[in-house]
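Following: one structure in C-alpha cells, then a few remarks.
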Amino acid sequence: MYEFAPDPQAPKGEVYHDLCQAAQALVADEPDRVANMANVAALIWQFVPDLNWAGFYRVVDGGLILGPFIGKPACIRIPFGQGVCGTAAASGTTQLVPDVHAFPGHIACDGASRSELVVPVLRDGRVLAVIDLDSPSLARFDAQDAAGIEALAAALSSAI
Ligand code: SME
C-alpha cells in the first residue's frame, strides 16, 4: 500500500515538490511505462486540487494516443498540431490555457473543462508523451503550476 498525504494548506511550490518526490519514489524501480503513467495520473489527482481530468497522451507513430488518466472517457487519438495537446506535442512546449473556449481548435473531451495545462515529456529532445490537466475553473493554472508539472515531466523522462 502506498500512503501519500498531500497537505491542502501547503504553498503550491511545496505541493509540487512533494508530488515530484512521490512520483520519483513510485517509478524508481518499475520499468513498465503504463504502470508508471497510471500511478502518476493518480498522484496528480491526489495532489492537485480543482481538476476534472488528469493524465497522459502518448506519442505513437507520429500522433497522440490516450494513455492512463483519471476523469471522464476522453478522445482517443489526437493528431500533432491539433488541440491543446497536439500543439504541446508538435511544439515541445508547455501550453497554459486560461480559457479553453478562447483556444482555437481546442478539443472538448469533457464539457466541464474551462482551463487546461499541457506539458510535454521529453527525452533527448524528443516528445514521448504529454501530461494534460483540465480544470472546471477558468484560469485555474498559473506559471507555478506549469513549473511544477514541468518538473514532474522532467522526473518522468526515463520512466515512461
Ligand atoms: N482538450 C484537449 C483534449 C484532451 S482532453 O482535454 C482530455 C485538447 O484540446 O487537446
Side-chain angles (χ1 to χ4, degrees), residues 1-8 10-97 107 109-110 116-135 140-160:
M1 184 169 81
Y2 296 107
E3 285 285 4
F4 297 104
D7 174 2
K12 216 189 256 191
E14 207 174 289
V15 169
Y16 280 111
H17 175 263
D18 292 350
L19 165 60
C20 226
Q21 298 274 101
Q24 276 172 313
L26 271 178
V27 306
D29 298 320
E30 179 50 64
D32 189 280
R33 52 194 307 253
V34 174
N36 288 337
M37 286 187 274
N39 261 339
V40 171
L43 275 181
I44 294 171
W45 191 258
Q46 205 184 348
F47 277 73
V48 183
D50 196 20
L51 301 180
N52 60 304
W53 204 92
F56 291 83
Y57 278 88
R58 301 159 297 132
V59 174
V60 180
D61 296 334
L64 290 173
I65 303 185
L66 184 63
F69 69 94
I70 313 282
K72 287 189 178 166
C75 40
I76 299 167
R77 291 172 188 265
I78 300 178
F80 265 45
Q82 288 189 20
V84 186
C85 292
T87 301
S91 63
T93 60
T94 294
Q95 302 295 307
L96 183 55
V97 181
I107 301 164
C109 291
D110 179 345
E116 185 160 0
L117 172 64
V118 182
V119 174
V121 181
L122 302 158
R123 190 191 302 156
D124 302 326
R126 238 171 6 100
V127 180
L128 297 177
V130 300
I131 303 175
D132 182 14
L133 273 58
D134 284 40
S135 171
R140 156 67 184 81
F141 306 104
D142 61 17
Q144 222 179 349
D145 294 293
I149 298 298
E150 282 166 357
L152 177 65
L156 292 179
S157 175
S158 56
I160 67 161

Within the distance-only criterion (no hydrogens, no angle test), does the side chain of [X] pair as donor or acceptor with the backbone N or O of [Y] below 3.5 angstrom?
| X | Y | value |
| --- | --- | --- |
| R123 | I160 | yes |
| D142 | Q144 | yes |
| E30 | A35 | no |
| R58 | L66 | yes |
| T94 | V119 | no |

field: Residues which pass side-chain contact (heavy atoms from CB on, under 4.5 Å) with K72, listed by chain and number, not counting sequence neighbours
entry: D110
Please report the interatomic distance [atom1]([X]) to [atom2]([Y]), rounded to the nearest 0.5 Å.
| X | Y | atom1 | atom2 | value |
| --- | --- | --- | --- | --- |
| L26 | Q21 | CG | CD | 12.0 Å |
| L133 | F69 | CG | CZ | 13.5 Å |
| D134 | R140 | CG | CZ | 11.5 Å |
| I78 | D132 | CD1 | CG | 7.5 Å |
| S135 | D145 | OG | CG | 9.5 Å |
| Q46 | L51 | CD | CG | 12.5 Å |

- prompt: Is there a side-chain contact between L19 and F4 (heavy atoms, below 4.5 Å)?
  reply: no
- prompt: Hey, are the side chains of V27 and L156 touching, using non-hydrogen atoms and a 4.5 Å cut-off?
  reply: yes
Over all heavy atoms of both residues, which pair between [X] and [Y] is shortest? Give the atoms and the distance, please.
| X | Y | value |
| --- | --- | --- |
| M37 | F56 | O-CE1, 3.2 Å |
| F80 | G62 | CD1-O, 3.4 Å |
| S91 | T87 | OG-O, 2.7 Å |
| L152 | I131 | CD2-CD1, 4.3 Å |
| V130 | P120 | CG1-CA, 4.0 Å |
| I107 | C75 | CG2-SG, 3.6 Å |

query: Which is it for V97 and F141 under the side-chain contact (heavy atoms from CB on, under 4.5 Å) test, yes or no, and what are the steps along the way?
result: CA-CA 8 Å; V97 181; F141 306 104; over 6 Å; no
statement: Sequence neighbours excluded, the answer for side chain to side chain donor-acceptor pair (under 3.5 Å) partners of D18 is none
statement: With Y57 as partner, the option from L64, I76, V121, I65 fulfilling side-chain contact (heavy atoms from CB on, under 4.5 Å) is L64
